[in-house]
Each structure stands twice: as structure tokens, then as C-alpha cells.
Number of protein chains: 2
Amino acid sequence: MQQILVIEDQDLMRLALIQELKNCLAESVLLGAPTLDIAKTLMRSQDFNLVLIDPGLPGVNPISQFDRLSVIEQVVDASPSATHLVITGSDSVAEANHCRRFGVAGYVGKTGLMRGLLAEVLQDISQSGFSVRISPTDQFAADFHYSGLTGREQEILDCMRRRERGMKRKEVYEQIGERIGVDPATVEKYYKQARAKLLRRGRLPDGI
Amino acid sequence: MQQILVIEDQDLMRLALIQELKNCLAESVLLGAPTLDIAKTLMRSQDFNLVLIDPGLPGVNPISQFDRLSVIEQVVDASPSATHLVITGSDSVAEANHCRRFGVAGYVGKTGLMRGLLAEVLQDISQSGFSVRISPTDQFAADFHYSGLTGREQEILDCMRRRERGMKRKEVYEQIGERIGVDPATVEKYYKQARAKLLRRGRLPDGI
DNA sequence: TCAAATAGGGACGGCGGCCCCCCTTTCCCA
DNA sequence: TGGGAAAGGGGGGCCGCCGTCCCTATTTGA
């Protein structure tokens, strides 16, 4: 059973990270710490397999590179047997390199950290031992959500909107189907259902 | 049907905010914009009822109070008919007051912005017209998540762990039951089920 | 022009979450 | 010492999501 610690002060982000980890790991216990002090207390009382660190905690000078690295170093030292991932809102290649020297296994910018990316990073780490995802400078498009869609419908709609132009829908169905382990015809069904719901409400986003 | 825009660069946070809004609003279409430019394009093409703004976007100097306020002002000007909510990682009372002068209806710090708080803020706004939630300086305890629990079980477990000490479990059952509109006996059932699952895995967090 | 792709439906079973009702045993304290 | 609180478990109904299979028009492209 995996023991995981997420150190992040923003409640919704902490919850989102925990949710992401739940999705890509099997049986696991996940603890969330909003401050460094609480995290240290937890690390003293038990060992963790994986520790996520956001060095931008309250009480840390956000401009001081030294303070940020100090937080990371303290956490790594307090849980030497764990795999460490730094998740930060203000990421830089230089800081990523510093972290690597501390023994951190992954460095991820929050901008561009979309659903499923954490799983990729963990995959990378288990294979090559290290993974860095710096925030992209260019941002893509808006995302579209409608409260009347089910999870699957929303997911497939997102994939369809993000498809490369010129790509046939049928190809997308097959691609998605393979990825999520579902019959392409079923994917097609969901897509049509989602589309129909949006049409009935009179709103179709671009790319559909 | 509500038209909502969420301007936030961090993908997971944007998704979490959208999820929160979905939970506390009925029929709604929610658009997510990772940059100010994309947001402006969207606001030009349609009207929104509600706009959430994170002024800490990439390209904005995080130290410059002027830049942050400029972002907010631009968004408010571009969607004059909407209700505006500022959601920020680095909040201050001074900035909240500035925002209020711009016509912003709510100002919320990301730290302490837990599940359901956005609903409270919207409630406040619909009643008194303005709501501010500055990040608390003191942080409470760690949160505990186990992948084997269902949503309800996790939710009720959280409430139980956060109860004031000395409070009887039975009282908590009644309190939760009333809040979520469920029979207290059912709440008790869920709590016991959650507890049993944790015991079988050998892990009981503090406060249980 | 003919086939493939696309749009738009209907029906069905399985599964799991959610909610309610019922039962017993143990423990603590007023 | 009796009663309430707590622990622990079983069953059943309801509903929504998921996945599958099947059907028919219309459009598009080679």
C-alpha cells in the first residue's frame, strides 16, 4: 500500500493533486499538509513512498530562491526514503536543476499540469529516474464545460476539441477508445450524445 | 442558463474551480481561459453572468500591484454585465478594497478556499452584494484520504475528523445529516463503513 | 456514383454509489 | 445498574453512469 504526502497550501489544488494521484495509483493512503510544519510532523511519525512539494508555501519569501530551495531540502532530508516531486507555480529550469541535485525525482510547473500529466511524470520517473515539465510559454485554447454532461461525455468532447485539424472523427474514436480501453463505437456513441445535449441547449463550442 | 468564465492559468486549479461551480449551480456552461488574451476573446464574443479572475497570470509581474489591478480592471471593463470574483494566491485586504472599488463582488484567497466555500461566497454576494475571504494565517491539520473510500464516506470522515473535541459522534451525525439532507442514521452507517475499511487496512488517522 | 463517414436515435444489462431499515454486541458513565 | 452511545454487520431499493449492440437517414469524398 502506497503512503503519499502532498505538501501544498491551496486547498483546492491540494485536493486536485490528491485526486490525480488516486486516479493513477492503486491502493493508497494520501495525506495532505497545508504547511511545512504539519508536513514535518507527519514525516517524523511515518515513512512515505512519494512526497509532492510546493515550495511556494505561506511564510516563504516567494522571491527568495534560497528560501524555496531550503523548503525542498528540508522535506527531502526529512523523508530520505521517498520519491520526491516538486510542483510549483513559478518554475524555472535553473530551479529544476538545483532540485535534481537535492535528489528530487520530478519537477513540474503548475501551468500546463493538466489531468493525467502527473501519471506521465510518474511513469517517466519509474523508467528513467527523472522527469521535468516546465510550464509552456504558449497557451492553447479555452476549455468548455457543460453541467449536463456526464464524465465520459465531457472527457471525449475535450479530446475531440483538441484533435489535430484534418483528423477524421473515426480516427479519434479509435485513438480514444484504445487509450481508455473502450470500444470505438462506444466512444462514438458518447460523442454523439454529448453533441446532441449541447445542440438541444443551443450551444456548440468551436471545434465540434 | 448561466454563462460562466474562469480565468486561471493553472490547469488543475481551473478545473477545480469549474468543478466547484458545477456543484453549487444548476444548469450552466463554464468556459476556462488560461490567459488574459483568450479571456478577452471570449468576452468579446459573448456575455457572461459570472467571471472568476486570477490576477496572477503568466506575463503579469507578480510583485507589481499595479499590473494585478490592471488585469482585474481590464476584465471588469470587458464584461460589465457580469458578477466578478477575484480568486488569488497572494491576497491582501488592501487589494480586496481596490477590487471592490472596481465593482468586483467577491475577493477570495486560494489558501483556505476549501470545498463548498465558493458556494458560501456566492450566497453572501446574492444577499449582501459583497464578500471577502482572506487567507487564514493559521492552518489547521492534515487531511486524510484513502483510495478505497467512496465520496460520501470520505466526506463524512472529513467532517468527523474536523469536529470540535468533546462533541459526541451522535451530534455530528445529526449535524452532517441536516447539512447534506440525509438521515443521521445513514450518516452513521457511512461513518462506520469508512472506519471499518480503514481498520481492515490497518490505518486509522488521528481524530477517529 | 457508390462507399464511407457522420448524425441521431432506441434498448439492455451490469455495476456501484447512495439511501434506508434492520439486527447484535460491547462499553462507559450517570 | 440500566440505558445510551458506539462498533459492526446484512439486506434491499433506486438511480445514474458505463459499455455494448442495433437501427436508420444524410452528407461527403474518392
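All heavy atoms count here, side chains included; hydrogens, waters and symmetry mates do not. Here is how names work: the chains are called A, B, and so on, in the same order as the sequence lines, proteins then strands, and each is numbered from 1. Here the structure is a predicted model, which is why all the values come from computation and not from measurement.
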Tabulate below the donor-acceptor pairs under 3.5 Å that side-chain atoms of residues 75-85 of chain A make, not counting sequence neighbours, or state none.
residue : atom : partner : partner atom : Å
S79(A)  : OG   : V75(A)  : O            : 2.9
S79(A)  : OG   : H84(A)  : NE2          : 2.7
H84(A)  : ND1  : A82(A)  : O            : 3.3
H84(A)  : NE2  : S79(A)  : O            : 3.2

- Item | Length of the CD-P vector between E153(B) and dG16(C), whole Å | 13 Å

Kindly list each side-chain donor-acceptor pair under 3.5 angstrom involving residues 37-44 of chain A, sequence neighbours excluded, with atom names and distances?
residue : atom : partner : partner atom : Å
K40(A)  : NZ   : Q74(A)  : OE1          : 2.5
T41(A)  : OG1  : D37(A)  : O            : 3.0

Which donor-acceptor pairs under 3.5 Å do side chains of residues 172-187 of chain A form with protein atoms, sequence neighbours excluded?
residue : atom : partner : partner atom : Å
D183(A) : OD1  : A185(A) : N            : 2.8

- Item | Sequence-distant partners of E8(B), side-chain hydrogen bond (donor to acceptor under 3.5 Å, both in side chains), two or more places apart | K110(B)

- Message: Less than 3.5 Å apart, any donor N or O on the side chain of Q154(B) or Y146(B) sitting next to an acceptor on the other?
- Response: no

- Tell me, please, which residues at least two apart from D9(B) pass side chain to side chain contact (heavy atoms under 4.5 Å, CB included). T111(A), D54(B), L57(B), P58(B)

- Task: Output the residues of residues 15-26 of chain B in contact with DNA chain D, where contact means a heavy atom of the residue under 4.0 Å from an atom of the strand; sort by number or write none.
- Result: none

- Task: For D158(A), check salt bridge (charged side-chain N to carboxylate O under 4.0 Å, His left out) against everything at least two apart and list the hits.
- Result: none

Look for any protein N or O under 3.5 Å of an N or O in nucleotides 6-8 of chain C and output each such pair with its distance, or none.
residue : atom : partner : partner atom : Å
dT6(C)  : OP1  : R169(A) : N            : 2.9
dT6(C)  : OP2  : K170(A) : N            : 3.0
dA7(C)  : OP2  : R169(A) : NE           : 3.2
dA7(C)  : N7   : K192(A) : NZ           : 2.7
dG8(C)  : OP2  : R195(A) : NH1          : 3.0
dG8(C)  : N7   : K192(A) : NZ           : 3.4

- Rounded to the Å, how far apart are Q193(B) CD and dG11(D) P? 13 Å

- Query: What's the CD1-P distance between I180(B) and dG17(C), to the nearest Å?
  - Reply: 16 Å

- Sorted by chain and number, sequence neighbours left out, salt bridge (charged side-chain N to carboxylate O under 4.0 Å, His left out) with D124(A) holds for R133(A)

Every protein N/O within reach of nucleotides 10-12 of chain C N/O, cut-off under 3.5 Å:
residue : atom : partner : partner atom : Å
dG10(C) : N7   : K189(A) : NZ           : 3.4
dG10(C) : O6   : K189(A) : NZ           : 2.8

- Could you check how far CG of D183(A) sits from P of dG13(C), rounded to whole Å? 19 Å

- Presence of T186(A) side-chain N/O under 4.0 Å of dC21(D) phosphate oxygens OP1/OP2: no

- Phosphate contact (dC18(D) OP1 or OP2) by Y190(A) side-chain N/O below 4.0 Å: no

- Item | Listed partners of Q127(A) passing side-chain hydrogen bond (donor to acceptor under 3.5 Å, both in side chains), at least two apart | none

- Applying salt bridge (charged side-chain N to carboxylate O under 4.0 Å, His left out) to E153(A) and not counting sequence neighbours gives K197(A)

